[in-house]
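Quick notes on the structure that follows.
Letters go in sequence order (proteins before strands), and every chain restarts at 1.
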Amino acid sequence: MQPILTISDLTKTYAGGLQALKNVSLEIERGEIFALLGPNGAGKTTLINVVCGLVNRTSGTVLVDGHDIVDDYRVTRALIGLVPQELPTETFETVWNTANFSRGLFGKSADPAHIEKILRSLSLWDRKDERIMNLSGGMKRRVLIAKALSHEPQLLFLDEPTAGVDVKLRQDMWNVVSELRESGVTVILTTHYIEEAEKMADRVGVINHGEIILVQEKTRLMRELGKKQLVLHMHEPLTEVPPEVMDYGLDISDDGSELTYTYDTQREHTGITALLGALQSAGIKFYDLNTSQTSLEEIFVDLVKRPQ
Amino acid sequence: MNFHAVRSIYKFEMARMRRTLVQSIVAPVLSTSLYFVIFGAAIGSRIPEIDGVSYGSFIVPGLIMLSILTESISNASFGIYFPKFTGTIFEVLSAPVSFVEILLGYVGAASTKSVIIGTIILGTASFFVDIEIAHPFVMVLFLVLTSVSFSLFGFVLGIWADGWEKLTVVPILVIMPLTFLGGTFYSISMLPPVWQTISLFNPLVYLISGFRWSFYENADVSIILSLAMTVTFLLVCLVIVRWIFKTGYKLRT
Ligand SMILES: Nc1ncnc2c1ncn2[C@@H]1O[C@H](COP(=O)(O)OP(=O)(O)OP(=O)(O)O)[C@@H](O)[C@H]1O
Ligand SMILES: [Mg+2]
(Lines give C-alpha, C1' and ligand atoms only; values in the text may rest on other atoms or scores of the structure.)
(Ligands and ions follow the chains in the order given, each with its own letter.)
Protein backbone atom coordinates (compact mmCIF):
# COMPACT_ATOMS: atom_id res chain seq x y z
CA MET A 1 0.00 0.00 0.00
CA GLN A 2 1.01 3.58 -0.61
CA PRO A 3 2.58 5.25 2.42
CA ILE A 4 0.36 7.83 4.12
CA LEU A 5 3.26 10.31 4.12
CA THR A 6 6.18 10.49 1.73
CA ILE A 7 8.81 13.16 2.21
CA SER A 8 11.60 13.40 -0.35
CA ASP A 9 14.62 15.68 -0.25
CA LEU A 10 12.83 18.25 1.84
CA THR A 11 14.82 21.37 2.61
CA LYS A 12 13.75 24.40 4.61
CA THR A 13 15.83 27.53 4.91
CA TYR A 14 14.28 30.25 7.08
CA ALA A 15 14.36 33.88 6.02
CA GLY A 16 17.34 34.53 8.32
CA GLY A 17 19.37 31.94 6.39
CA LEU A 18 19.09 29.19 9.00
CA GLN A 19 18.78 25.79 7.37
CA ALA A 20 16.31 23.99 9.62
CA LEU A 21 15.83 20.92 7.37
CA LYS A 22 18.49 19.41 5.13
CA ASN A 23 17.40 16.94 2.45
CA VAL A 24 15.02 15.10 4.70
CA SER A 25 13.49 11.94 3.25
CA LEU A 26 11.02 9.87 5.20
CA GLU A 27 8.16 7.46 4.61
CA ILE A 28 5.43 6.85 7.12
CA GLU A 29 3.27 3.76 6.81
CA ARG A 30 -0.46 3.82 7.23
CA GLY A 31 -1.58 3.06 10.75
CA GLU A 32 1.78 3.22 12.48
CA ILE A 33 2.83 5.28 15.44
CA PHE A 34 6.01 7.10 14.60
CA ALA A 35 8.07 8.93 17.20
CA LEU A 36 10.31 11.71 15.97
CA LEU A 37 13.05 12.36 18.48
CA GLY A 38 15.67 15.05 18.52
CA PRO A 39 17.19 17.69 20.77
CA ASN A 40 15.85 21.26 20.99
CA GLY A 41 16.12 23.07 17.69
CA ALA A 42 16.67 19.87 15.70
CA GLY A 43 13.88 20.73 13.24
CA LYS A 44 11.00 18.56 14.47
CA THR A 45 8.42 21.33 14.60
CA THR A 46 9.63 22.74 11.29
CA LEU A 47 9.14 19.35 9.64
CA ILE A 48 5.62 19.01 11.03
CA ASN A 49 4.72 22.58 10.09
CA VAL A 50 5.81 22.08 6.49
CA VAL A 51 3.58 19.03 6.16
CA CYS A 52 0.65 20.90 7.74
CA GLY A 53 1.04 23.96 5.52
CA LEU A 54 2.17 26.40 8.21
CA VAL A 55 5.70 26.78 6.86
CA ASN A 56 6.56 27.02 3.16
CA ARG A 57 9.10 24.48 2.00
CA THR A 58 12.27 25.65 0.24
CA SER A 59 12.64 22.56 -1.94
CA GLY A 60 11.67 18.91 -2.08
CA THR A 61 8.32 17.18 -2.20
CA VAL A 62 5.84 16.07 0.41
CA LEU A 63 2.99 13.71 -0.46
CA VAL A 64 0.14 12.92 1.90
CA ASP A 65 -1.79 9.87 0.77
CA GLY A 66 -0.18 10.38 -2.64
CA HIS A 67 -1.25 14.03 -2.98
CA ASP A 68 1.15 16.95 -3.10
CA ILE A 69 0.77 19.24 -0.07
CA VAL A 70 0.88 22.40 -2.18
CA ASP A 71 -0.93 21.46 -5.39
CA ASP A 72 -3.58 19.38 -3.62
CA TYR A 73 -3.65 21.19 -0.30
CA ARG A 74 -7.40 20.77 0.06
CA VAL A 75 -7.11 17.00 0.00
CA THR A 76 -4.01 16.73 2.15
CA ARG A 77 -4.97 19.20 4.85
CA ALA A 78 -8.39 17.64 5.28
CA LEU A 79 -6.59 14.38 6.12
CA ILE A 80 -4.33 15.95 8.74
CA GLY A 81 -4.92 16.88 12.36
CA LEU A 82 -2.36 18.93 14.27
CA VAL A 83 -1.83 19.48 17.98
CA PRO A 84 0.85 22.16 18.06
CA GLN A 85 3.66 22.47 20.56
CA GLU A 86 2.50 25.83 21.84
CA LEU A 87 -0.98 26.23 23.27
CA PRO A 88 -2.78 28.93 21.33
CA THR A 89 -6.48 28.88 22.18
CA GLU A 90 -9.45 31.10 21.53
CA THR A 91 -9.65 32.72 24.92
CA PHE A 92 -13.29 33.72 24.92
CA GLU A 93 -14.86 30.78 23.14
CA THR A 94 -16.42 27.81 24.87
CA VAL A 95 -14.97 24.33 24.53
CA TRP A 96 -18.03 23.14 22.64
CA ASN A 97 -18.01 25.99 20.13
CA THR A 98 -14.33 25.82 19.43
CA ALA A 99 -14.45 22.08 18.71
CA ASN A 100 -17.39 22.55 16.34
CA PHE A 101 -15.64 25.48 14.71
CA SER A 102 -12.63 23.29 13.93
CA ARG A 103 -14.76 20.61 12.35
CA GLY A 104 -16.44 23.13 10.05
CA LEU A 105 -13.15 24.80 9.20
CA PHE A 106 -11.85 21.50 7.91
CA GLY A 107 -14.85 21.15 5.64
CA LYS A 108 -16.95 18.65 7.53
CA SER A 109 -20.65 19.06 8.18
CA ALA A 110 -21.69 19.38 11.81
CA ASP A 111 -21.74 16.14 13.82
CA PRO A 112 -22.54 16.83 17.48
CA ALA A 113 -22.40 13.12 18.34
CA HIS A 114 -18.82 12.85 17.15
CA ILE A 115 -17.75 15.98 19.03
CA GLU A 116 -19.43 14.63 22.13
CA LYS A 117 -17.56 11.35 21.82
CA ILE A 118 -14.23 13.16 21.56
CA LEU A 119 -14.94 15.48 24.47
CA ARG A 120 -15.96 12.53 26.61
CA SER A 121 -12.85 10.54 25.76
CA LEU A 122 -10.72 13.50 26.82
CA SER A 123 -12.70 14.08 30.03
CA LEU A 124 -13.85 17.45 28.73
CA TRP A 125 -17.54 16.76 28.47
CA ASP A 126 -18.55 18.31 31.79
CA ARG A 127 -16.59 21.47 30.91
CA LYS A 128 -17.99 21.86 27.43
CA ASP A 129 -19.74 25.16 28.14
CA GLU A 130 -16.79 26.65 29.93
CA ARG A 131 -14.83 29.45 28.33
CA ILE A 132 -11.36 28.30 27.39
CA MET A 133 -9.67 31.05 29.39
CA ASN A 134 -11.09 29.51 32.56
CA LEU A 135 -9.32 26.21 31.93
CA SER A 136 -5.95 25.11 33.25
CA GLY A 137 -2.98 24.52 30.95
CA GLY A 138 -3.51 20.76 30.84
CA MET A 139 -7.19 21.25 30.05
CA LYS A 140 -6.30 23.63 27.23
CA ARG A 141 -4.11 20.95 25.77
CA ARG A 142 -7.05 18.56 25.86
CA VAL A 143 -9.09 21.16 24.01
CA LEU A 144 -6.43 21.38 21.32
CA ILE A 145 -6.43 17.60 20.97
CA ALA A 146 -10.22 17.62 20.70
CA LYS A 147 -10.02 20.30 18.00
CA ALA A 148 -7.44 18.32 16.06
CA LEU A 149 -9.62 15.20 16.18
CA SER A 150 -12.88 16.99 15.40
CA HIS A 151 -12.66 16.41 11.64
CA GLU A 152 -11.67 12.74 11.87
CA PRO A 153 -8.13 13.05 10.47
CA GLN A 154 -6.24 10.11 9.01
CA LEU A 155 -2.85 11.47 10.00
CA LEU A 156 -2.41 13.05 13.41
CA PHE A 157 0.59 15.12 14.46
CA LEU A 158 1.24 15.50 18.17
CA ASP A 159 4.04 17.99 18.70
CA GLU A 160 5.24 17.32 22.24
CA PRO A 161 1.82 16.32 23.52
CA THR A 162 2.99 15.50 27.01
CA ALA A 163 5.18 18.48 27.90
CA GLY A 164 4.00 19.70 31.29
CA VAL A 165 1.12 17.30 31.51
CA ASP A 166 -0.02 15.33 34.55
CA VAL A 167 -0.27 11.57 34.85
CA LYS A 168 -4.01 11.47 34.29
CA LEU A 169 -3.85 13.39 31.03
CA ARG A 170 -0.97 11.27 29.80
CA GLN A 171 -3.01 8.20 30.48
CA ASP A 172 -6.04 9.70 28.71
CA MET A 173 -3.90 10.69 25.82
CA TRP A 174 -2.33 7.31 25.35
CA ASN A 175 -5.75 5.72 25.54
CA VAL A 176 -6.91 8.05 22.80
CA VAL A 177 -3.82 7.27 20.73
CA SER A 178 -4.36 3.52 21.13
CA GLU A 179 -7.98 3.89 20.04
CA LEU A 180 -6.88 5.94 17.06
CA ARG A 181 -4.35 3.33 16.10
CA GLU A 182 -7.00 0.66 16.26
CA SER A 183 -9.21 2.66 13.94
CA GLY A 184 -6.32 2.93 11.48
CA VAL A 185 -5.18 6.50 12.13
CA THR A 186 -1.48 7.20 11.69
CA VAL A 187 0.13 9.12 14.54
CA ILE A 188 3.38 11.06 14.34
CA LEU A 189 4.57 12.46 17.61
CA THR A 190 7.58 14.28 18.95
CA THR A 191 8.57 14.00 22.54
CA HIS A 192 11.44 14.60 24.91
CA TYR A 193 10.19 11.85 27.21
CA ILE A 194 11.85 8.99 25.51
CA GLU A 195 10.34 6.27 27.66
CA GLU A 196 7.08 7.36 26.10
CA ALA A 197 8.34 6.69 22.59
CA GLU A 198 9.75 3.45 23.89
CA LYS A 199 6.33 2.43 25.14
CA MET A 200 4.13 3.64 22.30
CA ALA A 201 5.97 3.88 19.02
CA ASP A 202 6.24 1.29 16.29
CA ARG A 203 9.12 3.13 14.67
CA VAL A 204 11.49 5.81 15.81
CA GLY A 205 13.20 8.52 13.79
CA VAL A 206 16.03 10.62 15.15
CA ILE A 207 16.63 14.09 13.75
CA ASN A 208 19.55 16.34 14.61
CA HIS A 209 20.65 19.63 13.06
CA GLY A 210 17.92 19.26 10.43
CA GLU A 211 19.06 15.84 9.27
CA ILE A 212 17.39 12.51 9.83
CA ILE A 213 20.19 10.42 11.26
CA LEU A 214 18.25 7.24 11.83
CA VAL A 215 14.88 5.63 11.18
CA GLN A 216 14.32 2.23 12.67
CA GLU A 217 11.72 -0.08 14.06
CA LYS A 218 11.82 0.49 17.77
CA THR A 219 12.35 -3.11 18.78
CA ARG A 220 15.09 -3.57 16.21
CA LEU A 221 16.75 -0.34 17.24
CA MET A 222 16.82 -1.41 20.83
CA ARG A 223 18.11 -4.82 19.90
CA GLU A 224 20.82 -3.51 17.63
CA LEU A 225 22.04 -0.57 19.59
CA GLY A 226 21.07 -1.75 23.02
CA LYS A 227 23.53 -3.46 25.32
CA LYS A 228 22.50 -5.89 28.00
CA GLN A 229 24.10 -6.42 31.32
CA LEU A 230 24.06 -9.43 33.60
CA VAL A 231 24.72 -8.74 37.26
CA LEU A 232 25.70 -11.55 39.57
CA HIS A 233 25.32 -11.10 43.32
CA MET A 234 28.07 -13.08 45.03
CA HIS A 235 27.66 -15.20 48.10
CA GLU A 236 30.97 -14.05 49.50
CA PRO A 237 32.67 -10.83 48.47
CA LEU A 238 35.54 -11.26 46.04
CA THR A 239 38.75 -9.31 46.13
CA GLU A 240 39.35 -9.55 42.40
CA VAL A 241 37.87 -11.03 39.25
CA PRO A 242 38.58 -14.78 39.50
CA PRO A 243 41.27 -15.91 37.01
CA GLU A 244 38.93 -18.66 35.72
CA VAL A 245 36.62 -16.06 34.14
CA MET A 246 39.29 -13.51 33.21
CA ASP A 247 38.40 -13.56 29.50
CA TYR A 248 34.85 -12.26 29.94
CA GLY A 249 35.78 -8.66 30.71
CA LEU A 250 33.82 -8.60 33.95
CA ASP A 251 33.52 -5.55 36.16
CA ILE A 252 33.70 -5.98 39.88
CA SER A 253 31.91 -3.67 42.28
CA ASP A 254 33.93 -1.79 44.92
CA ASP A 255 32.84 -4.02 47.78
CA GLY A 256 33.35 -7.14 45.68
CA SER A 257 29.75 -8.34 46.10
CA GLU A 258 28.72 -7.96 42.44
CA LEU A 259 30.12 -9.03 39.11
CA THR A 260 28.79 -7.35 35.96
CA TYR A 261 28.96 -8.89 32.51
CA THR A 262 28.14 -6.69 29.50
CA TYR A 263 27.19 -8.51 26.34
CA ASP A 264 26.00 -7.66 22.88
CA THR A 265 22.54 -8.96 22.04
CA GLN A 266 23.52 -8.97 18.36
CA ARG A 267 26.08 -11.68 18.72
CA GLU A 268 25.10 -15.22 18.08
CA HIS A 269 26.70 -16.39 21.26
CA THR A 270 26.24 -14.12 24.17
CA GLY A 271 28.59 -16.21 26.27
CA ILE A 272 26.24 -16.41 29.23
CA THR A 273 26.09 -20.19 29.37
CA ALA A 274 29.84 -20.47 29.13
CA LEU A 275 30.36 -17.83 31.83
CA LEU A 276 27.96 -19.46 34.24
CA GLY A 277 29.53 -22.89 33.51
CA ALA A 278 33.01 -21.55 34.20
CA LEU A 279 31.90 -20.02 37.51
CA GLN A 280 30.31 -23.25 38.60
CA SER A 281 33.32 -25.42 37.80
CA ALA A 282 35.52 -22.95 39.69
CA GLY A 283 33.19 -23.32 42.68
CA ILE A 284 32.33 -19.61 42.83
CA LYS A 285 28.83 -19.22 44.21
CA PHE A 286 26.27 -16.47 43.68
CA TYR A 287 22.83 -16.19 45.24
CA ASP A 288 21.04 -14.00 42.70
CA LEU A 289 21.32 -12.59 39.21
CA ASN A 290 19.50 -10.03 37.11
CA THR A 291 19.80 -8.54 33.66
CA SER A 292 19.17 -5.01 32.51
CA GLN A 293 18.95 -3.36 29.11
CA THR A 294 20.04 0.02 27.80
CA SER A 295 17.02 2.30 27.52
CA LEU A 296 16.05 4.09 24.35
CA GLU A 297 17.06 7.24 26.15
CA GLU A 298 20.65 6.08 26.51
CA ILE A 299 20.69 5.02 22.87
CA PHE A 300 19.30 8.37 21.86
CA VAL A 301 21.80 10.41 23.88
CA ASP A 302 24.55 8.30 22.40
CA LEU A 303 23.32 8.86 18.82
CA VAL A 304 22.91 12.60 19.15
CA LYS A 305 26.33 12.98 20.80
CA ARG A 306 28.11 11.32 17.91
CA PRO A 307 30.11 13.72 15.75
CA GLN A 308 28.46 14.34 12.38
CA MET B 1 -15.55 25.65 -2.32
CA ASN B 2 -15.32 24.81 1.39
CA PHE B 3 -18.65 26.33 2.47
CA HIS B 4 -18.47 24.73 5.89
CA ALA B 5 -15.27 26.65 6.54
CA VAL B 6 -16.68 29.98 5.34
CA ARG B 7 -19.69 29.50 7.57
CA SER B 8 -17.54 28.50 10.54
CA ILE B 9 -15.34 31.59 10.26
CA TYR B 10 -18.33 33.85 9.66
CA LYS B 11 -20.20 32.44 12.64
CA PHE B 12 -17.12 32.65 14.80
CA GLU B 13 -16.62 36.32 13.94
CA MET B 14 -20.28 37.18 14.43
CA ALA B 15 -20.17 35.46 17.84
CA ARG B 16 -17.20 37.63 18.74
CA MET B 17 -19.24 40.70 17.85
CA ARG B 18 -22.17 39.55 19.95
CA ARG B 19 -19.84 39.13 22.90
CA THR B 20 -18.69 42.73 22.54
CA LEU B 21 -22.11 44.16 21.79
CA VAL B 22 -21.67 47.24 23.95
CA GLN B 23 -18.40 48.36 22.49
CA SER B 24 -19.29 47.44 18.94
CA ILE B 25 -22.79 48.89 18.65
CA VAL B 26 -23.49 51.18 21.56
CA ALA B 27 -20.20 53.06 21.26
CA PRO B 28 -20.55 54.16 17.61
CA VAL B 29 -24.22 55.05 18.13
CA LEU B 30 -23.37 57.13 21.17
CA SER B 31 -20.53 59.01 19.51
CA THR B 32 -22.63 59.73 16.43
CA SER B 33 -25.47 60.99 18.60
CA LEU B 34 -23.01 63.40 20.22
CA TYR B 35 -22.08 64.72 16.77
CA PHE B 36 -25.76 65.39 16.10
CA VAL B 37 -26.21 67.19 19.38
CA ILE B 38 -23.13 69.36 18.84
CA PHE B 39 -23.01 69.92 15.08
CA GLY B 40 -26.62 69.32 14.22
CA ALA B 41 -28.45 71.09 17.01
CA ALA B 42 -26.01 73.40 18.84
CA ILE B 43 -23.80 74.68 16.04
CA GLY B 44 -25.88 73.59 13.08
CA SER B 45 -28.76 75.89 14.00
CA ARG B 46 -26.48 78.86 13.25
CA ILE B 47 -25.28 77.47 9.92
CA PRO B 48 -27.34 78.27 6.82
CA GLU B 49 -28.71 75.50 4.62
CA ILE B 50 -26.29 73.89 2.18
CA ASP B 51 -27.80 73.40 -1.28
CA GLY B 52 -31.27 73.53 0.22
CA VAL B 53 -30.56 70.98 2.97
CA SER B 54 -30.43 71.90 6.66
CA TYR B 55 -26.96 71.46 8.16
CA GLY B 56 -28.11 68.74 10.56
CA SER B 57 -29.44 66.66 7.70
CA PHE B 58 -26.48 67.48 5.50
CA ILE B 59 -23.96 65.82 7.82
CA VAL B 60 -25.92 62.56 8.23
CA PRO B 61 -24.46 60.68 5.22
CA GLY B 62 -20.93 61.80 6.10
CA LEU B 63 -21.32 60.70 9.70
CA ILE B 64 -22.61 57.30 8.66
CA MET B 65 -19.63 56.93 6.33
CA LEU B 66 -17.29 58.01 9.12
CA SER B 67 -18.62 55.26 11.39
CA ILE B 68 -18.63 52.65 8.67
CA LEU B 69 -15.05 53.38 7.72
CA THR B 70 -13.69 53.27 11.24
CA GLU B 71 -15.77 50.25 12.24
CA SER B 72 -14.95 48.27 9.10
CA ILE B 73 -11.26 48.90 9.48
CA SER B 74 -11.07 48.25 13.21
CA ASN B 75 -13.24 45.14 13.05
CA ALA B 76 -11.62 43.47 10.13
CA SER B 77 -8.08 44.34 11.22
CA PHE B 78 -8.69 43.14 14.77
CA GLY B 79 -10.43 40.00 13.54
CA ILE B 80 -7.31 38.80 11.75
CA TYR B 81 -4.66 40.48 13.92
CA PHE B 82 -5.83 38.93 17.18
CA PRO B 83 -5.51 35.28 16.04
CA LYS B 84 -2.13 36.19 14.59
CA PHE B 85 -1.14 37.69 17.92
CA THR B 86 -2.35 34.76 20.04
CA GLY B 87 -1.24 32.11 17.55
CA THR B 88 -4.67 30.62 16.93
CA ILE B 89 -4.26 31.57 13.26
CA PHE B 90 -2.34 28.29 12.87
CA GLU B 91 -5.61 26.45 12.62
CA VAL B 92 -6.95 28.50 9.73
CA LEU B 93 -3.59 28.27 7.97
CA SER B 94 -3.47 24.49 8.31
CA ALA B 95 -7.07 24.03 7.20
CA PRO B 96 -8.16 23.12 3.68
CA VAL B 97 -9.33 26.64 2.89
CA SER B 98 -8.41 28.96 0.04
CA PHE B 99 -7.76 32.66 0.38
CA VAL B 100 -11.18 33.40 -1.09
CA GLU B 101 -12.83 31.38 1.65
CA ILE B 102 -10.86 32.99 4.47
CA LEU B 103 -11.71 36.35 2.97
CA LEU B 104 -15.40 35.60 2.63
CA GLY B 105 -15.53 34.55 6.25
CA TYR B 106 -13.61 37.39 7.87
CA VAL B 107 -14.49 40.25 5.54
CA GLY B 108 -18.07 39.04 5.17
CA ALA B 109 -18.56 39.18 8.93
CA ALA B 110 -16.88 42.57 9.32
CA SER B 111 -18.94 44.06 6.46
CA THR B 112 -22.15 42.63 7.87
CA LYS B 113 -21.45 44.32 11.14
CA SER B 114 -20.66 47.64 9.43
CA VAL B 115 -23.91 47.56 7.48
CA ILE B 116 -25.80 46.85 10.71
CA ILE B 117 -24.09 49.75 12.46
CA GLY B 118 -24.71 52.06 9.49
CA THR B 119 -28.39 51.18 9.57
CA ILE B 120 -28.64 51.73 13.31
CA ILE B 121 -26.96 55.13 13.02
CA LEU B 122 -29.30 56.08 10.21
CA GLY B 123 -32.21 55.15 12.48
CA THR B 124 -30.73 57.14 15.35
CA ALA B 125 -30.17 60.15 13.10
CA SER B 126 -33.82 60.16 12.03
CA PHE B 127 -34.70 60.98 15.64
CA PHE B 128 -32.65 64.18 15.47
CA VAL B 129 -33.13 65.51 11.95
CA ASP B 130 -35.29 65.16 8.85
CA ILE B 131 -33.88 62.64 6.43
CA GLU B 132 -34.98 61.88 2.90
CA ILE B 133 -33.49 59.11 0.86
CA ALA B 134 -33.92 59.96 -2.80
CA HIS B 135 -32.24 56.84 -4.16
CA PRO B 136 -32.51 54.00 -1.63
CA PHE B 137 -30.96 51.46 -3.99
CA VAL B 138 -27.88 53.60 -4.60
CA MET B 139 -27.68 54.30 -0.88
CA VAL B 140 -27.59 50.59 -0.04
CA LEU B 141 -25.09 50.01 -2.85
CA PHE B 142 -22.71 52.62 -1.41
CA LEU B 143 -23.24 51.29 2.09
CA VAL B 144 -22.34 47.75 1.07
CA LEU B 145 -19.49 48.68 -1.28
CA THR B 146 -17.91 50.91 1.34
CA SER B 147 -18.30 48.32 4.10
CA VAL B 148 -16.73 45.62 1.97
CA SER B 149 -13.91 47.81 0.65
CA PHE B 150 -12.85 49.07 4.04
CA SER B 151 -13.24 45.68 5.67
CA LEU B 152 -10.83 44.42 3.02
CA PHE B 153 -8.56 47.35 3.77
CA GLY B 154 -8.77 46.52 7.49
CA PHE B 155 -7.99 42.88 6.74
CA VAL B 156 -4.85 43.92 4.87
CA LEU B 157 -3.92 46.23 7.74
CA GLY B 158 -4.39 43.42 10.28
CA ILE B 159 -2.13 41.12 8.31
CA TRP B 160 0.50 43.79 7.76
CA ALA B 161 0.56 45.04 11.37
CA ASP B 162 3.12 43.37 13.60
CA GLY B 163 2.25 45.36 16.70
CA TRP B 164 -0.70 47.04 18.35
CA GLU B 165 0.53 50.56 17.50
CA LYS B 166 0.48 49.90 13.80
CA LEU B 167 -3.02 48.58 14.18
CA THR B 168 -4.30 51.73 15.82
CA VAL B 169 -2.10 54.31 14.16
CA VAL B 170 -3.39 53.85 10.62
CA PRO B 171 -7.04 54.56 11.46
CA ILE B 172 -6.04 57.58 13.56
CA LEU B 173 -3.32 59.04 11.35
CA VAL B 174 -4.71 58.24 7.92
CA ILE B 175 -8.41 57.52 7.95
CA MET B 176 -9.59 60.13 10.47
CA PRO B 177 -7.99 63.11 8.66
CA LEU B 178 -9.15 61.82 5.29
CA THR B 179 -12.75 61.55 6.46
CA PHE B 180 -12.75 64.94 8.13
CA LEU B 181 -11.15 66.49 5.04
CA GLY B 182 -13.39 64.44 2.79
CA GLY B 183 -16.48 66.59 3.16
CA THR B 184 -18.23 65.00 6.10
CA PHE B 185 -19.08 68.35 7.64
CA TYR B 186 -19.05 70.63 4.60
CA SER B 187 -19.41 70.72 0.87
CA ILE B 188 -16.13 70.72 -1.07
CA SER B 189 -17.41 73.74 -3.01
CA MET B 190 -17.17 75.78 0.21
CA LEU B 191 -13.36 75.44 0.14
CA PRO B 192 -10.93 77.82 -1.59
CA PRO B 193 -10.15 76.62 -5.17
CA VAL B 194 -6.68 75.25 -4.31
CA TRP B 195 -8.08 73.05 -1.56
CA GLN B 196 -10.88 71.91 -3.83
CA THR B 197 -8.26 70.57 -6.24
CA ILE B 198 -6.27 68.93 -3.45
CA SER B 199 -9.45 67.34 -2.10
CA LEU B 200 -9.95 65.52 -5.39
CA PHE B 201 -6.96 63.35 -4.46
CA ASN B 202 -8.77 62.17 -1.35
CA PRO B 203 -10.60 58.96 -2.22
CA LEU B 204 -13.07 59.50 0.62
CA VAL B 205 -14.42 62.63 -1.08
CA TYR B 206 -15.91 60.38 -3.75
CA LEU B 207 -17.45 57.98 -1.24
CA ILE B 208 -19.03 60.65 0.90
CA SER B 209 -20.18 62.67 -2.09
CA GLY B 210 -21.77 59.67 -3.76
CA PHE B 211 -23.43 58.55 -0.55
CA ARG B 212 -24.81 62.04 0.09
CA TRP B 213 -26.13 62.16 -3.46
CA SER B 214 -28.23 59.07 -2.78
CA PHE B 215 -29.90 61.04 0.04
CA TYR B 216 -30.30 64.59 -1.22
CA GLU B 217 -29.21 64.46 -4.87
CA ASN B 218 -26.50 67.01 -4.29
CA ALA B 219 -22.90 66.02 -4.77
CA ASP B 220 -19.40 67.44 -5.00
CA VAL B 221 -18.44 65.16 -7.88
CA SER B 222 -20.56 63.24 -10.35
CA ILE B 223 -22.24 60.09 -9.05
CA ILE B 224 -20.72 58.00 -11.82
CA LEU B 225 -17.24 59.13 -10.86
CA SER B 226 -18.01 58.38 -7.21
CA LEU B 227 -19.13 54.86 -8.01
CA ALA B 228 -16.15 54.26 -10.28
CA MET B 229 -13.72 55.40 -7.57
CA THR B 230 -15.42 53.23 -4.95
CA VAL B 231 -15.24 50.17 -7.16
CA THR B 232 -11.63 50.93 -8.03
CA PHE B 233 -10.74 51.10 -4.36
CA LEU B 234 -12.44 47.75 -3.80
CA LEU B 235 -10.49 46.19 -6.65
CA VAL B 236 -7.18 47.57 -5.39
CA CYS B 237 -7.82 46.03 -1.98
CA LEU B 238 -8.73 42.71 -3.60
CA VAL B 239 -5.51 42.66 -5.61
CA ILE B 240 -3.42 43.35 -2.50
CA VAL B 241 -5.18 40.60 -0.55
CA ARG B 242 -4.72 38.17 -3.41
CA TRP B 243 -1.02 38.95 -3.48
CA ILE B 244 -0.74 38.45 0.28
CA PHE B 245 -2.17 34.97 0.05
CA LYS B 246 -0.11 34.05 -2.98
CA THR B 247 3.13 34.86 -1.24
CA GLY B 248 2.08 33.84 2.26
CA TYR B 249 3.27 37.34 3.18
CA LYS B 250 3.64 37.64 6.98
CA LEU B 251 1.44 34.62 7.58
CA ARG B 252 3.59 31.69 6.57
CA THR B 253 7.33 31.61 7.14
N1 LIG C 1 10.04 31.14 12.25
C2 LIG C 1 11.36 30.88 12.33
N3 LIG C 1 12.24 31.73 11.79
C4 LIG C 1 13.56 31.47 11.84
N5 LIG C 1 14.09 30.39 12.41
C6 LIG C 1 13.25 29.49 12.96
C7 LIG C 1 11.84 29.69 12.95
N8 LIG C 1 11.25 28.65 13.57
C9 LIG C 1 12.26 27.84 13.94
N10 LIG C 1 13.46 28.33 13.59
C11 LIG C 1 14.77 27.70 13.82
O12 LIG C 1 14.80 26.45 13.16
C13 LIG C 1 15.47 25.48 13.95
C14 LIG C 1 14.56 24.29 14.15
O15 LIG C 1 13.48 24.69 14.99
P16 LIG C 1 12.30 23.72 15.37
O17 LIG C 1 11.28 24.52 16.08
O18 LIG C 1 11.87 22.98 14.17
O19 LIG C 1 13.02 22.74 16.39
P20 LIG C 1 12.40 21.57 17.28
O21 LIG C 1 13.13 20.33 16.90
O22 LIG C 1 10.95 21.55 17.18
O23 LIG C 1 12.87 22.02 18.74
P24 LIG C 1 12.12 21.87 20.15
O25 LIG C 1 12.43 20.50 20.66
O26 LIG C 1 12.78 22.92 20.97
O27 LIG C 1 10.68 22.11 19.94
C28 LIG C 1 15.86 26.18 15.24
O29 LIG C 1 17.22 26.53 15.14
C30 LIG C 1 15.00 27.40 15.28
O31 LIG C 1 15.67 28.45 15.92
MG1 LIG D 1 9.41 21.84 18.45
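Only the side chain of A:L144 comes within less than 4.5 Å of a heavy atom of chain B; its backbone N, CA, C and O stay farther away. Residue A:K108 touches chain B through its backbone alone, counting heavy-atom pairs closer than 4.5 Å. Proximity to chain B (any heavy atom under 4.5 Å) is shown, for A:S102, by both the backbone and the side chain.
Nearest approach of A:F106 to B:N2, heavy atoms of both residues: C-ND2, 4.1 Å. When all heavy atoms of A:E93 and B:A15 are compared, the closest pair comes out as OE2-CB, 4.1 Å. Nearest approach of B:G87 to A:P88, heavy atoms of both residues: C-CB, 3.4 Å.
A heavy-atom distance below 4.5 Å is found between the side chains of A:K147 and B:E91. A:R131 has its side chain within reach of B:R19: a pair of non-hydrogen atoms, C-beta onward, lies under 4.5 Å apart. Using a 4.5 Å heavy-atom cutoff, the side chains of B:R16 and A:F92 are not in contact.
Heavy atoms of other residues, nucleotides or ligands lying less than 6.0 angstrom from NZ of A:K22 number more than 12. Atom CZ of A:R30 has more than 12 neighbouring heavy atoms from other residues, nucleotides or ligands inside a 6.0 Å radius.
The choice from A:A15, A:G104, A:A78 that makes the most heavy-atom pairs within less than 4.5 Å of chain B is A:G104. Ranked by non-hydrogen atom pairs under 4.5 Å with chain A, the options B:F82, B:F3, B:F90 are led by B:F90.
Between the OG atom of B:S94 and the CZ atom of A:F157 there is a distance of 11.0 Å, given to the nearest 0.5 Å. Separating the CG atom in A:L82 from the CG atom in B:L93 is a distance of 11.0 Å, to the nearest 0.5 Å. Put simply, OG on B:S98 and CZ on A:R74 are 4.5 Å apart, with the number rounded to the nearest 0.5 Å.
Ring-plane geometry between B:F12 and A:F101 is classed as tilted, the angle between the planes lying from 30 to 60 degrees on a 0 to 90 degree scale.
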